[in-house]
Amino acid sequence: MDDCLRVLVVEDNADQAMLVGFALRRHTPPMEVTLVATARECLDALAESSYSAILLDHHLPGTTGLQLLPAIQARGPAMPPIVMVTGQGDERIAVEAMKAGAADYVIKTSGYFASLPAAITKAVKQHALAAENARLDREARRRLRETEGLLAVTQALGASLDRDELARRTTRELGVLLEAETVAFLALEDTSGALCLHVGWGAPGLDDGDIALTAAERDAFHQEGTVPGALCASSQICVPVATAERCFGALVVRWRPEGPTPTDEGARIAGAVAKQMALALESARLYGETQEALAEVERAQERLVQSHTLRALGEMAAGTAHHLNNLLTVALGHLQLMRRRSGAAGLPPAADLIEQALTDAASVVRRMQRFARTGPTEEGPEPVDLAQIAHEARELTETPCVDAFQARGIPILVRVDAQPVPLVRASAAALRETVTNLILNALDAMPRGGVITLRTFQDVAGICLSVTDTGVGMSAEVKRRALEPFFTTKGPKGTGLGLSVAYGLMRRHGGELSVESTEGDGTTITLRWPPLEDPTRRASTALPADVEASGSATQVLLVDDDDRVRTILGELLQTEGHCVLHARSGPEALSVLERGVHVDLVLTDHGMPGMTGLELTQAIKARWPQLRVGLVTGWGESLDVPSGIRPDFMLPKPVDLATLRAAVAGRLSLVTP
């Protein structure tokens, strides 16, 4: 408030007006007085200048002070306070004037001129105080709305970790807080570096398409908040949504032309919200990466558990296969011995069924051994063309399987999508059998027909061959157990070893097998090799087959801790005209040789207590290097033969008579299943 008060005196009585002006000018500090006599002159004076207070007489020409009061107030809240002056006996009118908005009233009495300066000063002070209170109230209400709006934004940002939902809630709450027409979040694309509309709130209008930014514009916008030129014309407020390390995009605010004018306060609020939004988006990003990392850990843990489970099952299968092979050797040997002794009379037809059943059982056991094997492959790894394997597997299944389906009216298409990929190191025969089995599995999964696609490709994880069908797919439970040995959904006709054997093959080649399947949407089995050859891969333990012993063994030392196996093998050898010596263990066999007994051939089991067949072989070759040693084992392919220990041949159990005859006669140096 200025020290010199400017007072507009509305008084039609010239004498009264002169006295009032004199009293006000003599006041300390003096007041500047403007005298008018009519209502029109009062309104004109207010239009031309501003005043600290109005001293308004009630009795005016053609009107009254009460009638003029509303006209003055209608000019707006900036009008000065009004002090009503009434004649003695007009107290009622003064009270009505106060109710109508006058700041004070003065009654004309003798000497009332002296009270006018104090009344005006008081009215001016009260008016200024009321204006300040009103301003503070408006500010408090604005601050309250802002606080409530920022709280709503904070709650919106904390209510979700989804990027889209965060952007939707933030733009909505900011638009309500700033009373804007449009609030939009423009996301900064990592690949193109352009700003594109991600989420908008309010009226449409941001339809300018993607906004390309140069690297300098992105850096300036991120670090300094410099609005790119392409956004200046389309937004009234534009602030970066960024942390110190990362820029996520921009918040853009627009108002209607007739709406509130953008202020620095609005820009400040938008900037604060953008910072909160950036922190929330960063949290959402880190949460997403954490979830992905946890998912990867869970997948790795699941693969580890699966690997340990399969390894344990494999070890169990290997041990079981060893014992089953011993039993099958006894059964098949006795049957062949009976067939040989029966002569021309022959055996009843049921013997053929028994022999076939035993042979099939031996085949199942060999598949168990292939699953259990974690060492070298049955053939040395060699460069293999996956596209060639895919074509060969399709040809192998096309005539006997695909044509048979189509003959029954079931449409089947097997196609190869072979992209150029590097060669991989694998056993071609084993891989061909594996892919063939995968095709057969796919055929079983498409009872109404469909398409099987064999695809070769390379991704960041390695070199791949996949088999995809459009069949019935797998449920989550079947998918989880798909690699378990002996688990099958085919009923009695399935062995449950197809996928588990394929899994074992990939492990032996340093690769992996993955299953992708959704019930009703088909299945994809992917075989994946690492992009670089593992230099630590051990060489195959297969022994060369180019060394044949000369002559025929007539004195055979048979070594096996299982009496039943040793007995039947001895009888088979004797039927061929050989002499057989028996030993129950490795030390006992060495004792026979140390006594100087003539022996042409040693046939030894591998899995014996105290001294294994390989250890016995090593001991014999060290002392009698010319003596032929054959290893007869129920461990099959899972037996890892170290370098330096070279039996002359290996016979897998169960042993049939023809194979035994060829091996003892020296026509075999290595026999594998």
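All of these numbers come straight from a predicted model, not from anything done at the bench.
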Here the gap from Leu616 atom CG to Met611 atom CE, rounded to the nearest 0.5 Å, amounts to 6.0 Å
Correct closest heavy-atom pair for Ala278 and Phe248 would be O-CE1, 3.6 Å
side-chain hydrogen bond (donor to acceptor under 3.5 Å, both in side chains) filter on Arg432, not counting sequence neighbours, yields Glu392
Closest non-hydrogen contact found for Ala274 with Pro240 is CB-O, 3.4 Å
Across all chains, not counting sequence neighbours, the side chain to side chain contact (heavy atoms under 4.5 Å, CB included) partners of Arg564 are Leu327, Val330, Asp562
Residues at least two apart in sequence or cross-chain that pass side chain to side chain contact (heavy atoms under 4.5 Å, CB included) with Ala387, listed by chain then number, are Asp385, Ala418
Does the side chain of Thr659 come within less than 4.5 Å of Pro652's, by heavy atoms?
no
| Residue pair Leu454 / Ile439, side-chain heavy-atom distance below 4.5 Å | yes
To the nearest 0.5 Å, atom CD1 of Ile463 lies from atom CG of Leu527 at 12.5 Å
What one should report as the nearest heavy-atom pair of Gly586 and Val559 is N-CG1, 4.2 Å
The salt bridge (Lys or Arg N to Asp or Glu O under 4.0 Å) partners of Asp563 (sequence neighbours excluded) come to Arg566, Arg584
Taken to the nearest 0.5 Å, the spacing of Ser585 OG from Asp605 CG works out to 11.5 Å
Glu512 meets the salt bridge (Lys or Arg N to Asp or Glu O under 4.0 Å) criterion, sequence neighbours left out, with Arg528
Self-check item: Side-chain (Asp648) to main-chain (Val629) donor-acceptor, under 3.5 angstrom
Solution: yes
How about Arg448: does its CZ atom have over 12 heavy atoms from other parts shown lying under 6.0 Å from it? no
**Q.** Within 6.0 Å of CD in Glu302, more than 12 heavy atoms from elsewhere
**A.** no
Rounded to the nearest 0.5 angstrom, the OG1-CG distance for Thr436 and Leu431 is 9.0 Å
Nearest heavy-atom contact between Gly613 and Met608 is N-CE, 4.1 Å
*Please tell me if the side chains of Arg168 and Phe185 come closer than 4.5 Å, counting only heavy atoms from C-beta onward.*
no
Across all chains, not counting sequence neighbours, the side chain to side chain contact (heavy atoms under 4.5 Å, CB included) partners of Thr612 are His606, Leu614, Glu615
Quiz item: If you draw a 6.0 Å radius around NZ in Lys621, do more than 12 non-hydrogen atoms from other residues or ligands fall strictly inside?
Solution: yes
query: Are Thr243 and Leu279 close enough that some pair of their side-chain heavy atoms sits under 4.5 Å apart?
result: yes
Nearest heavy-atom contact between Val435 and Ala393 is CG1-CB, 3.5 Å
Heavy-atom nearest pair, Gly607 first then Asp561, reads O-OD1, 3.6 Å
When rounded to the nearest 0.5 Å, the distance separating CD of Glu516 from NZ of Lys479 is 6.5 Å
Practice prompt. Report yes if some heavy atom in the side chain of Asp560 is under 4.5 Å from a heavy atom in the side chain of Val632; otherwise report no.
Written response: no
Ser475 side chain to Glu519 backbone, donor-acceptor under 3.5 Å: no
Sequence neighbours excluded, the answer for side-chain hydrogen bond (donor to acceptor under 3.5 Å, both in side chains) partners of Thr456 is none
Side chain to side chain contact (heavy atoms under 4.5 Å, CB included) filter on Phe457, not counting sequence neighbours, yields Gln419, Arg455, Asp459, Cys464, Ser466, Thr526
ask   = Taking the side chain as C-beta and beyond, is there a heavy-atom pair between Leu465 and Val421 under 4.5 Å?
value = no
Hits for side-chain hydrogen bond (donor to acceptor under 3.5 Å, both in side chains) against Ser517, two or more places apart or cross-chain, chain-then-number order -> Thr523
Sequence neighbours excluded, the answer for salt bridge (Lys or Arg N to Asp or Glu O under 4.0 Å) partners of Asp469 is none
Interatomic distance, CD1@Ile525 vs OH@Tyr503, rounded to 0.5 Å, equals 13.5 Å
Q. Are any of the side-chain heavy atoms of Thr470 and Met446 separated by less than 4.5 Å?
A. yes
Less than 4.5 Å apart, side chain to side chain, heavy atoms only: is that true for Thr604 and Leu631?
yes
Those residues at least two apart in sequence (or on a different chain) that pass side-chain hydrogen bond (donor to acceptor under 3.5 Å, both in side chains) with Arg285 are Glu282, Glu289
For Arg299, the salt bridge (Lys or Arg N to Asp or Glu O under 4.0 Å) test, sequence neighbours excluded, returns Glu292, Glu296
